[in-house]
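Each remark here refers to the structure printed beneath this line.
Chain identifiers are assigned alphabetically (A, B, ...) following the order of the sequence lines, protein sequences preceding nucleic acid strands; residue numbering begins at 1 within each chain.
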There are 2 protein chains.
Amino acid sequence: MALSHAILVSLVDRPHSGYDLAKRFDQTVGFFWPVSHQQIYQELHKLARVGWLRSQMVEQSERPNRIVYELTDDGRHALDAWLAEPTDPPSFKEEMLVKLFALAPGNQPALLAELERRRAMHVARLARYESIMAEHYPEPARLQARRRGRYLGLRMGILNERTTIAWCEEAIACLHAAPADAADAAEVASTTALASPRARTPDARHD
Amino acid sequence: MALSHAILVSLVDRPHSGYDLAKRFDQTVGFFWPVSHQQIYQELHKLARVGWLRSQMVEQSERPNRIVYELTDDGRHALDAWLAEPTDPPSFKEEMLVKLFALAPGNQPALLAELERRRAMHVARLARYESIMAEHYPEPARLQARRRGRYLGLRMGILNERTTIAWCEEAIACLHAAPADAADAAEVASTTALASPRARTPDARHD
DNA sequence: GGCTCCATGTAAGTTGTTACATGATTCA
DNA sequence: TGAATCATGTAACAACTTACATGGAGCC
């Protein structure tokens, strides 16, 4: 549905080859939307067949030839039409939540380990995003219109990572808390599971 | 990959029919993971074929017969093995970000309207989640071990909605901000000429 | 000699979506 | 009369993944 449009968007400014697009995706959209090179090549063929792109072979010596694609007028119109359509909210499939639905005494240590692993992963990602932010958008208040889309993409990445980290920490604390089942009901009242001290990330403010 | 496991998880406690599962999914996992009934029926057939489930026809008068599925020992083992495996982080495909990459003076009003629409949608969702939370988990500190997975799922839903709303508001403000290029074209031209950032940051598409 | 980069693809498979189909019962 | 609920499915398609394939250039 949207991969084709993501390609159209990438070709608005200037023509690109499939290889270029794959690399570009890795550095931009790919952070939150992984796309394989096979998908891109197939989609390019399809879009050319439909008439939204035209292709041109660029012969190279000493290197494989490139096939460069550019938008047609039809493609431009299709893109504009799509931009005006309502956007689907992202469907968010988090495997970890499915696993937590199966929470039981037997698998609790495994799930805890997994939560720790995920937390570390998101901390690393956040650091990567924040360094990109510091380097490329030191002053977000004054930003050329054309760069705002990219800025907002990165910004969402950062907000999401912070939220996920905060959630991992909550979840870890929650699993560590003494069980409230029959026997230990009284003991739990004193430990207050979810109110345990944990690092508050600056933007995880709503909790 | 994970739909089959989500079904196994749902059958841990007791047997269910495909219809039951579809309804259950709508109320739990379905909030963050929409699954169609066709998918469930197909997956049930597959899991029965593989031997992780066994099925039993329940004849009913005045109603269509039901086919009830329950876990086999093989299924139970497969589930335990899956729980111990590392979890993929969710791939997060947000169409809105793709659209924002195409931000230009011509489509700016359409994108703003879309951001407003999305914001309202997430506000409504958040309200729904919070009312469920208030009704079912009024005291999260003392929670039976078995209910913690569901609680954490809902909790992540709430955190995500809050984050998305905050982002929508940022994005709306960002697009409303006075453009830094039309009037300041000369300034921009001189900065890019002086700085030439591409030479130093070859892998940076964020500029 | 093995590695990565450049640049393109095919083929087979799995997963997910959309549309269509049945047929009785209950409620407004 | 029309719609919703119960309960199951088939068929066709679109989207995505995984594996395989080529072949020169330059690097350590």
Under 4.0 Å: is that the gap between some side-chain N or O of Tyr41(A) and OP1 or OP2 of dT8(C)?
yes
Measure CD/Glu43(A) against C1'/dC16(D) and give the value in whole Å, please.
11 Å
Indicate yes or no: at least one non-hydrogen side-chain atom of Trp167(A) is less than 4.5 angstrom from one of Met96(A).
yes
d(CH2, Trp33(A); C1', dC16(D)) in whole Å:
12 Å
Report for the helix from dG1(C)-dC28(D) to dA28(C)-dT1(D): angle between first-end and last-end helix axes, five pairs each, rounded to 10 degrees.
40°
Contacts of type ring-ring contact (aromatic ring centres under 6.0 Å, His included), residue Phe101(B), not counting sequence neighbours:
none
Report, one line per pair, each donor and acceptor closer than 3.5 Å where one atom sits in a side chain of residues 110-132 of chain A; sequence neighbours left out.
unit_1	atom_1	unit_2	atom_2	d
Glu114(A)	OE2	Arg117(A)	NE	3.2
Glu114(A)	OE2	Arg117(A)	NH2	3.1
Glu114(A)	OE2	Thr87(B)	N	2.7
Glu114(A)	OE2	Thr87(B)	OG1	3.1
Arg117(A)	NH2	Thr87(B)	O	3.1
Arg118(A)	NE	His122(A)	NE2	3.0
Arg118(A)	NH1	Glu94(A)	OE1	3.1
Arg118(A)	NH2	Glu94(A)	OE2	2.8
Arg118(A)	NH2	His122(A)	NE2	3.1
Arg119(A)	NE	Glu169(A)	OE2	2.9
Arg119(A)	NH2	Glu169(A)	OE2	3.4
His122(A)	ND1	Glu161(A)	OE1	2.6
Arg125(A)	NH1	Glu161(A)	OE2	3.1
Glu130(A)	OE2	Arg162(A)	NH2	2.6
Ser131(A)	OG	Arg128(A)	O	3.0

Residues in residues 54-67 of chain A with a heavy atom under 4.0 Å of DNA chain D, by number, are Glu62(A), Pro64(A)
Main-chain N/O of Gly157(A) paired to Asn160(A) side chain as donor or acceptor, under 3.5 Å
no
Do Met133(A) and Arg155(A) come within less than 4.5 Å of each other through their side chains, counting heavy atoms only?
yes
Write down the distance between CD1 (Ile40(B)) and C1' (dT15(C)), rounded to a whole number of angstrom.
14 Å
Distance-only check: which donor-acceptor pairs under 3.5 Å involve side-chain atoms of residues 6-15 of chain B, not counting sequence neighbours?
unit_1	atom_1	unit_2	atom_2	d
Ser10(B)	OG	Ala6(B)	O	3.0
Asp13(B)	OD1	Arg146(B)	NH2	3.3
Asp13(B)	OD2	Arg146(B)	NH2	3.1

Could you pull out all donor-acceptor pairs under 3.5 Å where a side-chain atom in residues 42-57 of chain B meets a protein atom, sequence neighbours excluded?
unit_1	atom_1	unit_2	atom_2	d
Glu43(B)	OE2	Lys46(B)	NZ	3.4

Might you list the N or O atoms of the protein lying below 3.5 Å from N or O atoms in nucleotides 17-19 of chain D, with each pair's distance?
unit_1	atom_1	unit_2	atom_2	d
dT17(D)	OP2	Gln39(A)	OE1	3.1
dA19(D)	N6	Gln38(A)	NE2	3.1

Under 4.0 Å between a side-chain N/O of Lys46(B) and OP1 or OP2 of dT14(C), yes or no?
no
Glu62(A): what forms a side chain to side chain donor-acceptor pair (under 3.5 Å) with it, not counting sequence neighbours?
none
Quick one: Leu44(A) CG to dT8(C) P, roughly how many Å, whole number?
9 Å
With sequence neighbours left out, write down each residue that passes ring-ring contact (aromatic ring centres under 6.0 Å, His included) with Tyr19(B), or none if nothing qualifies.
none
I'd like to check Pro90(B) versus Lys93(A) (side-chain heavy atoms, cut-off strictly below 4.5 Å). Are they in contact?
no
Could you tell me which residues satisfy side chain to side chain donor-acceptor pair (under 3.5 Å) with Arg150(B), sequence neighbours excluded, listed by chain and number?
none
What I'd like to find out is whether the side chain of Leu103(A) reaches to under 4.5 Å of the side chain of Leu175(A), using heavy atoms alone.
yes
Considering only heavy atoms, which members of residues 14-30 of chain B lie under 4.0 Å from some atom of DNA chain C?
none
All pairs passing salt bridge (charged side-chain N to carboxylate O under 4.0 Å, His left out) where residues 16-38 of chain B contributes a residue, at least two apart:
Asp20(B)-Arg66(B)
Rounding to an integer number of Å, can you tell me how far His45(B) NE2 sits from dT14(C) P?
17 Å
